[in-house]
Amino acid sequence: MKITQDFATTSACYKAGTTINPKGLMLHSVGVNQPDPKVFARIWKSSDDVCCHGVLGADGTVIQTLPWNWRGWHCGGSANGTHIGVEMTEPSTIRYTGGASFVDNNPTATKNFVMGTYKTAVELFAYLCKIYNLNPLSNGVIVSHSEGYKRGIASGHADVEHIWNKYGLTMDQFRKDVKSAISGGNTDPAPDIKPDVKPDSSYVVRISIDDLNIRTGPGTEYPVTGNYTGKGAFTITETNGNWGKLKSGAGWIYLAYAEKI
Ligand SMILES: [Zn+2]
């Protein structure tokens, strides 16, 4: 497994920037015969609705598209507030005929692909269980989208079992395999990327007066620096009460004279 990060920073979901305390992991399958994770990472960037935390391929590729501890829009239910959601891609050798039904044009290639994504998912979920100290065998911790539906925490979809059933793969076995991957220690060591990211809480304000003081801290008890912002638009990176910290590093300003834009 190799995780790379390509956050969907321009998606509505990312911009919402809500954090969660992950209590579980939900596994999805994309429901379209597109094997390349990069395609989904690209689509989510311009999405107004769906955005998962990551998408994985049959060759061990994982693209992380949201910080794991952000609220994803992956299941159309309350599990968005509790579960990290990851999509597995599907092989180009199948063709959907309506709903969750498909024809298989190359059963050997299809099976190899599905087994590949299964293996990647086991490794990724073991990795995430370790980060968030989750027990993969605990009730409701690792669920498929369709299991989420049965529990009333996700919308009515058939993934992932609609494709796994053909190969004797089950969520019960998956949870056990994740457990063995953790205890066997055969998950990749944590990649040298930070799993959690603080939401960017910066915003831009317009200032319409010439003589707004910049102070060294968030309050009138802090001395003025002797500089003014002047009129214009300024980025605030940190807020403390009615005070905002200028991105430039020049200091803090009183936000009563600033209009958020
Ligand atoms: Zn799904």
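Please read all numbers here as calculations on a predicted model, not as lab measurements. Just follow the structure's listing: the first ligand is 1, and inside any ligand the first atom is 1.
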Using 30° and 60° as the class limits, which term best fits the ring planes of F40 and W44: parallel, tilted or perpendicular?
tilted
Of all the N, O or S atoms in H28, the one nearest to the Zn ion (ligand 1) is ND1
Are W70 and Y14 close enough that their ring centres sit under 6.0 Å apart?
yes
Which N/O/S atom belongs to H145 and is the closest one to the Zn ion (ligand 1)?
ND1
So, the side chain of D104 versus the backbone of N106: is there a donor-acceptor pair under 3.5 Å, distance only?
yes
Determine the interplanar angle of the F174 and Y118 rings, folded into 0 to 90°, and report it as parallel if under 30°, tilted if 30 to 60°, perpendicular if over 60°.
perpendicular
Name of whichever N/O/S atom of D159 is nearest to the Zn ion (ligand 1):
OD2
